Every structure is written in C-alpha cells, then in structure tokens.
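Here the structure comes first, spelled out in structure tokens, and everything after it is commentary.
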Amino acid sequence: MPIKKNLLIGFLIDEISSIYATEIIRGIKQEAKILGHKIILFPGCNLNHPDNFEFQANIIYSFISKCHLDALIMASGTFRNYITEADFEKFYLPYKSIPLVSVSVPLDGVHSIIIDNKTGIMDAVSHLVKFHRCRQIAFIKGPDENPEARVRLNAYIDSMKNEQLEIDERLIVNGSFTTSSGFDAAEKLYSLNVPFSSIIAANDDMAIGAMDYLKSINKRIPQDISVIGFDDSELSKYYEPAVSTVTQNLIEQGIVAVRTAVDLCENAVVPFVKTIPTRLIIRNSCGCSAASKTLSILTNKNNYDSFDEDEFFLHNTAYKPYYQIIDSCIRKELELGKNEKNIYSSFHTILYECNEFGLDFEIWKEVLLLLAYKWKLKTCETTNETFIEKITSGLQAVLLDTIRIIETRKITEYRKTSFAFRTVYSRLVSASDIKSLSAILVKNLPELEINTCFIAYYAKEIHNDRNTAWDIPEYAEIVAAIQDGVPIDLSSVDKTYSPSVSFVPEWFLEQNNSLVLIAKVLYVNESQIGLALIEHGKHLGIYYETILLQISNMIKNIMIYSENKRLNHNC
C-alpha cells in the first residue's frame, strides 16, 4: 500500500519548554522535514499536577480526537510523575484507535521507543569507582510513580552490587526531576552525617540543584564531591563546572519515533520495542578534564594501538556518523594530494549543516582525537604523520571558530528577538476589544516569526474542575488567522465554528504549509477562554508559550473590560 502523502502526526507531551522536549522535538522536526509530513504538538501538563491552575492546560488532550490525525507519538515518561500505571492506561486508551508510538516508556500493545537507562547508570557508577576511586556513592532518585525513575534506581542498586560496594539506604534520597528537589536532596544528604564522596542524580536538573547546594555550603566540585547527572541537557554543558552526565540521544528518539509512526501508517512490520543506546558524557563535575583521559574512557582501552574501530562503534553508536563524515574527508585528501584547505572548508560546511538540527559539537572534539590516533596508526610515513597532526590541529581550530561564530549569531538573534517581542507586547496591551486585538495580531505576529497561526476565543468563559469531565465548547469565534505570513480575510469565512467537531476549521489545516504547529488551549487561572494553533519555528518552546500566555491575558482583559462596560451601561 503506498503511503499517504503529507501525513498529520501528533506529538503528545507535558510541556515544550523543557530541554528534554526541545531535543525530542528537534529530532521529530528533522525527520518530518525529510519525509515530507506535518506535526502538531500537544503540550499540556503532568497528569494530576498538584499546582492550582496548571491542570487547565490538560484539556488540550481532549482535543486530540478533533484534529483528524493519522498517527500519534506520546512522550509517555513525562506523564507518569503523579499518576498510577492503571490511570495512565485509561488516559491513552482512546488514542489507540490510530497508530500510536510511546517514547521512553514501554506500553502493552503499543509500539515503544525506549532508552537503555540501565547501561547509562551502570556506566556512571563504574566510572566513579574505576577512575575516581569512589566507594560511598549517593543517589538522588526520581518520582516513585515514574517507570524510568524506577529503572534508574534499580540500575544504581545493581551496579553497586556488581562493584561489591555497600548500599546504604540513607544515601538514596527522593527527588522529583526538578532543580529545587535536587537542592533539597543534597541538603538532606548532608543533614544525615553519613559520609559519601559522590552523587549520581537521575536527571541533570536534580544534579544541578545538588551542585547549587554544594556551592552554598562551600563544597568544591569535584575536589570534595563528584557529581554525575542524566539527560545531557543544554544547561549541563554550560554549568560551572560542566556536568558529567549520561546522554539519552533525545534527537535520535524523535527521529525513530517519526519513522515508526510513518511505518505503522504504511502497515509495515515494526518491532514493538526499539531501544536507543545511552552514552556516558565525561565533563568536569566528576573530576575528569584531560582530553587524553576522555579518549581512554571512550575507547575503554589502555593502549591506543589496540583500538578496534568496529568494537568501539558497537558501544558508541552516536559517534559513528560524525566519524565517517570527517574520516572520508581525510581519506579523500590523502589520496588526492593532501590539500588541507579543502578539508577545512568541507568541515566548516558540515558543522553548519549539523547545527541546523542541533547535533552535538562535543562529539566532534572527541571524534577528532579518535581520528588523529587512528590515522597515526595507519600511516607509516613520517610525512603522512606530520600531515595528520597538522590536519587535526587545523580541524580543532575550525571547530572552535565555528562554535564561536554560531554562539555570537545566537546572541545577536536573541537581542533582535527580545526587542521585537517588547515592541509587539506594547502594542498588544493597547487593544481594547477583540477587533483591535485581531488587527494587532495579524500585523505583528509575523514580526515575531510566527507566519502561520489560528486564534479563537469563547464567547463565554468555561470553568473546569480537575475532578470532572472536561467541558468542550460548542462554539468559538476566530480572532485572527494567518497563513504563510498573509492574514486571512475573516469576512470570507465563517468566523464561528464548533471546536467540539474540529479543533480548528478544516480549511485552515488544508491550506497550511507549516512543518510543525503547536496546539494550545488559552486559559487564565481557572478560566478557559479560547484556543490557538501556531507555527513552531526555530525558537525554544518557552518563546511560544510566553507569546500564547500574553495573548490569553489580553483576551481575558478584554472580556473583563467588556463585561464592566456592559454593567456600567445597564446602571
């Protein structure tokens, strides 16, 4: 059966502002672009979230059936912090009517993309024991209801046993995958007066929170306490000291999830479980810094002469595409006459292409070391060895220069975006009614690089209770609609439609050319006031969340103003 063109695939997640979400979405976007399909993101909130009004965001999950999706990808692990397995099964059961893919947690009867949590934690423990002689290793665990948190805890216990180390239950402390919980966990560890030399946290946020506490009591990292996290979040790279961590290849998870969803739509035979390998990332917080030590750890070899390329990539799959790209460049130039300028130019171009999809620059540093040793071993002539040393140094210089240029451009872009956001916000607050708000949105959202959007509001606010069924309105009225930067003339369409039938009118989705869209309900505190579907471009999720929050506030203020005006008129 030929695959349907332009599949519409949903991605269900608790939020899009986290680094976890950012990296998975990057992979989803990358693969969707290659295959020519469209994505709708459905960010809500943790199920049974204890915060007062955050649960209002979860009504978006009730709209999934109203979006006419061909398949759905679900970041299952993000929903399991406050909900039992049985209740979660009730939650996703309605979605099994279409091809469904679970990411991070294996689900019965659902095709699942999971990671090798166990190996990641065991590598972290082994590294602390073998390279840093740590024996008292504390562990900050995640929420008890979260399946991945349980796997990581069990892996810590198993690896401590494998290393023949005593497991002190007092050194296993609770966390909730947040920075503040990591801070509190480290504080609790020190209050127990039980000696320990290192901390492994079940995610990077908790590792960074623990490090914040260590700094607050003047403990040196890693001289006094070694720390290792899990996730390889963006902040872990730039925190001081940089956080040693376990990468779970989030971009790859997103790529594989899209491929699986597409294969299911095509009725292809797909394995029910696909496991993505994890990899220990060595930085400074554990006590490592020297590049030679990093290389030794990566290859698991004491002698570089015994480096086995096939064996290395069997255990370090993330390195392979980087390695092959630059290895072929060097081989080609050795064959053609050793023109290093060609290699530098090719490498510079490759780095910019990699940056588009957020590939890891840190891997390039390590791959360059591997290549240097490999080519030195393979070349017998002194001239070739000298050439390899020259090329490796040059490539490292190109890498550093490219990173500097990219980071400078990011700063410039950030300043430009901040100025545009401030300007547009000042115009938004001047809106006094829906008509003026509509005019401001269609004119100014493209300035914020949102060239496609659909925004509607409810004529009457809806108040939902967390313990009752969601109330989906029968009618909504379009506030603004833009397609590819061009405002849609609302006089040419029916401005009123039924969200209970379709999240947005079908004509909007049919005309839309955007690769990725964000579906979001608009609410302020306990009041549901509308919904939105906007383009997800190059910015982080928090950027779009903030814009939608401001639009929600503007609609709410206009509603209050209109109601007060009506009451004053009646008086």
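All of these numbers come straight from a predicted model, not from anything done at the bench.
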Between Tyr497 and Phe454, does the ring centroid distance fall short of 6.0 Å?
yes
Measuring centre to centre across the rings, with the benzene-like ring taken for any Trp, is Phe63 within less than 6.0 Å of Phe42?
no
First locate atom CD1 of Ile13, then atom SG of Cys45, and finally report the distance between them rounded to the nearest 0.5 Å.
12.0 Å
Stepwise side chain to side chain donor-acceptor pair (under 3.5 Å) check, Gln528 with Gln56:
CA-CA 7 Å; Gln528 295 275 339; Gln56 294 279 357; 2.8 Å; yes
Do Tyr239 and Ser233 make a side-chain contact, defined as non-hydrogen atoms from C-beta onward lying under 4.5 Å apart?
no
Partners passing side chain to side chain donor-acceptor pair (under 3.5 Å) against Asp144 (at least two apart in sequence or in another chain)
Lys141
With the threshold set at 4.0 Å, does a side-chain nitrogen-carboxylate oxygen contact exist between Glu447 and Arg427?
yes
With heavy-atom distances below 4.5 Å as the criterion, would you say the side chains of Phe88 and Val105 are in contact?
no
Does Arg409 have any salt bridge (Lys or Arg N to Asp or Glu O under 4.0 Å) partners at least two apart in sequence or in another chain, and if so, which?
none
Passes salt bridge (Lys or Arg N to Asp or Glu O under 4.0 Å), Lys520 versus Glu545? Steps please.
CA-CA 9 Å; Lys520 192 78 174 175; Glu545 294 272 17; 3.2 Å; yes
After noting the C-alpha distance and the side-chain angles of Lys416 and Glu449, does the key distance pass the salt bridge (Lys or Arg N to Asp or Glu O under 4.0 Å) rule?
CA-CA 11 Å; Lys416 177 183 175 183; Glu449 298 176 285; 5.9 Å; no
Kindly indicate, with the supporting measurements, whether the criterion side chain to side chain donor-acceptor pair (under 3.5 Å) is fulfilled by Ser492 and Asp489.
CA-CA 6 Å; Ser492 64; Asp489 181 7; 4.6 Å; no
Under 3.5 Å donor-acceptor, Asp231 side chain and Asn203 backbone
no
Between Thr245 and Asp204, does the side chain to side chain donor-acceptor pair (under 3.5 Å) criterion hold? Intermediate values first, please.
CA-CA 7 Å; Thr245 184; Asp204 284 342; 2.7 Å; yes
Report the C-alpha distance between Asn117 and Arg152 in whole Å, list the side-chain angles of each, state the deciding distance to 0.1 Å, and finish with yes or no for side chain to side chain donor-acceptor pair (under 3.5 Å).
CA-CA 6 Å; Asn117 283 288; Arg152 293 173 194 176; 2.7 Å; yes
Mind checking the CE-CZ spacing from Met74 to Phe79? Nearest 0.5 Å is all I need.
7.5 Å
